[in-house]
Novice: 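Provided herewith is a single structure, encoded as structure tokens, for subsequent inquiry.
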Amino acid sequence: MSQIKVSHLHKYYQVFKKEPGIIGSLKSLVKRKYYDAKAVDDISFEIKEGELVGFIGPNGAGKTTTLKCLSGLLYPTGGTINVLGYNPFDRKRQFLRQISLVMGQKNQLWWDLPAVETFLLNKEIYEIDDKKFKRTVDELSDLLDVKDVINVQVRKLSLGQRLKCELIAALLHSPKILFLDEPTIGLDVVMQKNLRGFIKKYNEDFQATIILTSHYMGDVEELCKRVIIIDVGRIIYDGSLADIVKKYTRNKLLTIVFREPVTKENLIGFGEIKNYDSLKARIAVPIAESNKVAAQILNNLPVEDINIEDPDIETIIRHIFNTKK
Amino acid sequence: MRYFRIFILYFEHVLQHRARTFVWFLVSLLNPLIFILFWRGAFQASSGAIVGWTMSTITSYYFLLTAVSSSLMSHIEEDVWRYDIQEGELVQYLLKPFSYFWLKFFSEIHYRILQGFYVVIVLIIINTVFGRIIVITQDKNLLLYAIIIAVLAYLVSFIFKMIVGFIAFWTTDLYGIYDLLDIVMVVFAGYIVPINMLFEPVRTTAYLLPFSYMIYFPVLALQGKLSPTEISRVIGYQVIWLIVFIGLYLLLWKKGIKKFTGVGQ
């Protein structure tokens with residue numbers, strides 16, 4: 001059953017446009033020109049209970065705006081949204097008790113006090129009973145390995161520790177729906193990995209529905225079976241991550257290691273040369289011909305090793321954005 | 001009970017800024033000294049009372065004005081427009097199943113309580129060192145009414161300042177409005193001279209505007225300078241302004257929140 005239903009969602013911002021220079025400034029004193037910036041332009045999708053969906057797109061694509069509309073922060077210009085049976089913008093208490101939005105760049109922790117004080121505030125706000133509060137804080141701080149720091153003043157914590165504490169504050173009320181906006185931004189690779197593990201576990205343990213936006217394809221690849229790709233406010237792909245590769249990959253990549261130096265001229269004709277040095281080359285070859293070309297290379301050149309692979313997901317996504325522009 | 005616990009948690013937060021609030025209060029204490037020096041000259045020249053004020057009551061007036069201003073005048077507007085609306089901190093409040101109004105109320109009232117505490121200490125010290133120069137009414141009934149007027153004054157000031165903050169939903173540069181408001185308050189709240197000394201029609205305008213009910217009348221009530229009729233009139237006006245501001249608050253919130261972008265406005 002769908003927990004999130006979005007139908008023809010539009011969100012336009014009115015933006016002031018000023019001509020450059022002093023003349024433009026003087027003109028704008030008398031008459032200001034505005035135009036509608038289309039942050040989200042007619043998108044529709046549904047998300048089922050327990051799904052973990054990756055929302056990806058370049059900067060300004062409309063990812064965060066969509067999340068803000070879904071969590072009731074923004075008033076949509078048009079279209080309808082239904083989350084858990086509620087219109088998010090009504091911000092009914094019963095609705096807010098079941099969702100959480102974590103934004104990597106915004107925080108709710110009190111800067112001058114230990115994180116546990118913010119947890120206590122959320123305990124009261126969400127009316128969490130003492131037993132459940134204690135159990136959840138113990139469990140989450142254990143899982144995220146911050147047991148020792150929740151009593152330390154927030155301003156003294158590292159970025160990673162702070163983000164983990166933010167997550168605890170956002171999850172204390174065990175939300176059924178979790179919106180994660182760039183949750184791993186600014187974290188080192190080890191911390192990113194840990195956080196991904198945690199998100200996955202939360203999704204499985206609580207059957208929570210999670211929408212995640214990220215610039216790191218690693219987040220999406222590791223966590224999401226389904227992705228929604230958005231660009232200039234419109235959805236350009238909605239489906240499984242595996243299908244993207246099938247749908248958008250026209251070439252396979254052949255990585256060849258040579259026994260002895262080979263000139264670049266010898267490789268022309270096999271495909272598009274992506275990288276070359278005399279002992280190693282990467283060649284893009286149409287999928288249908290990849291086996292045939294690999295056989296030809298093996299027969300005609302001094303090959304030590306050959307590897308046939310799909311392009312990485314990041315390359316595919318970049319290709320999708322470039323071709324859609 | 002839940003509201004009380006949230007109230008206490010916010011108090012812990014504000015206590016972290018106790019030194020900063022004490023410095024703010026000390027700085028504000030310098031203002032009455034300038035006015036008192038001016039009035040000393042004026043009273044010496046006139047050799048008597050001026051419009052019902054003597055050197056002693058005017059000294060009390062300016063010290064109490066500072067005290068009332070520190071403990072009753074809310075400064076929540078900057079929080080609302082700069083941090084919440086323009087920098088997008090409002091996001092965190094909107095996501096909570098709890099009223100934004102009350103969370104802001106709890107975050108602000110502790111500053112006033114803390115400043116009120118400093119006020120009492122400093123006024124006691126001044127009276128001990130310099131003799132009884134700051135005089136408040138000894139009449140228990142008048143004191144009770146003064147407390148009622150003070151509570152209403154704070155509520156009027158708090159909601160008014162929240163409304164001022166909401167202007168940021170529609171405009172990015174609030175500094176002009178903010179400075180203009182400061183000038184209006186200085187004149188109409190009795191900061192420069194007691195309002196009954198102002199010339200007509202400024203005096204009548206001051207009685208009609210809400211600012212005198214936030215500062216000036218609470219000071220007069222503390223000094224015991226209000227008659228029973230005046231007390232009822234002041235409370236009546238405060239209640240009317242409270243109702244007007246609550247209506248305006250709800251209207252602007254409903255309209256403004258639709259304009260909120262959650263990032264820079």
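Not measured: the values here are computed from a predicted model. In what follows, chains carry the letters A, B, and so on, assigned in the order in which the sequence lines appear, proteins first and then strands, with residues in each chain numbered from 1.
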Novice: Considering only heavy atoms, which portion of A:Q153 lies under 4.5 Å from any heavy atom of chain B: side chain, backbone, both, or neither?
Specialist: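 Contact with chain B is through the side chain of A:Q153 alone.
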Novice: Between A:R91 and B:L94, what is the shortest heavy-atom contact and its length?
Specialist: CD-O, 3.3 Å
Novice: What pair of heavy atoms forms the shortest contact from A:E117 to B:L9, and how long is it?
Specialist: OE1-CD2, 3.6 Å
Novice: Does any backbone or side-chain atom of A:K92 lie under 4.5 Å from a heavy atom of chain B? Answer side chain, backbone, both or neither.
Specialist: neither
Novice: Heavy atoms only, distances under 4.5 angstrom: which of A:L96, A:L120, A:L74, A:T64 has the most pairs with chain B? Name it, please.
Specialist: A:L96
Novice: Looking only at non-hydrogen atoms, find the nearest pair between B:T261 and A:K68 and report the distance.
Specialist: O-NZ, 3.5 Å
Novice: Relative to chain A, which segment of B:S107 carries a heavy atom at a distance below 4.5 Å: side chain, backbone, both, or neither?
Specialist: neither
Novice: Quick check on A:F95 against chain B: is it the side chain, the backbone, both or neither that has a heavy atom closer than 4.5 Å?
Specialist: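 Contact with chain B involves no heavy atom of A:F95 at all.
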Novice: Check whether any side-chain heavy atom of A:Q108 lies under 4.5 Å from a side-chain heavy atom of B:K96, and answer yes or no.
Specialist: yes
Novice: State the CG-CZ distance between A:L121 and B:F98, to the nearest 0.5 angstrom.
Specialist: 8.5 Å
Novice: Could you give the distance from CZ (B:R5) to NZ (A:K123), rounded to the nearest 0.5 Å?
Specialist: 5.5 Å
Novice: Can you tell me which portion of B:I257 sits under 4.5 Å from chain A's heavy atoms? Options are side chain, backbone, both or neither.
Specialist: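 Looking at B:I257, backbone and side chain both touch chain A.
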Novice: Within the structure provided, determine whether A:I99 and B:L95 are in side-chain contact (heavy-atom separation under 4.5 Å).
Specialist: yes
Novice: How close do B:K258 and A:K11 get, counting heavy atoms only, and between which atoms?
Specialist: O-NZ, 4.3 Å
Novice: Within a reach of under 6.0 Å around OH of B:Y178, are more than 12 heavy atoms found that belong to other residues, nucleotides or ligands?
Specialist: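 More than 12 within 6.0 Å, yes.
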Novice: Give, for atom NZ of B:K259 and atom OH of A:Y13, the distance between the pair rounded to the nearest 0.5 Å.
Specialist: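 Taking NZ in B:K259 and OH in A:Y13, the distance rounds to 13.0 Å.
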Novice: Let me know if A:L113 has heavy atoms under 4.5 Å from chain B in its side chain, its backbone, both or neither.
Specialist: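 Interface part for A:L113: side chain.
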Novice: Check the surroundings of atom NZ in A:K134: do more than 12 heavy atoms from other residues, nucleotides or ligands lie under 6.0 Å from it?
Specialist: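 Open.
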Novice: Check the surroundings of atom OH in B:Y3: do more than 12 heavy atoms from other residues, nucleotides or ligands lie under 6.0 Å from it?
Specialist: yes
Novice: More than 12 foreign heavy atoms under 6.0 Å from NZ of A:K132: is that the case here?
Specialist: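 Above 12, so yes.
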Novice: Report yes if the side chains of B:S99 and A:R93 come closer than 4.5 Å at any heavy-atom pair, otherwise no.
Specialist: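 In short, these two side chains touch, coming nearer than 4.5 Å.
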Novice: Can you name the nearest heavy-atom pair linking A:I125 to B:I6, along with the distance?
Specialist: CG1-CD1, 4.0 Å
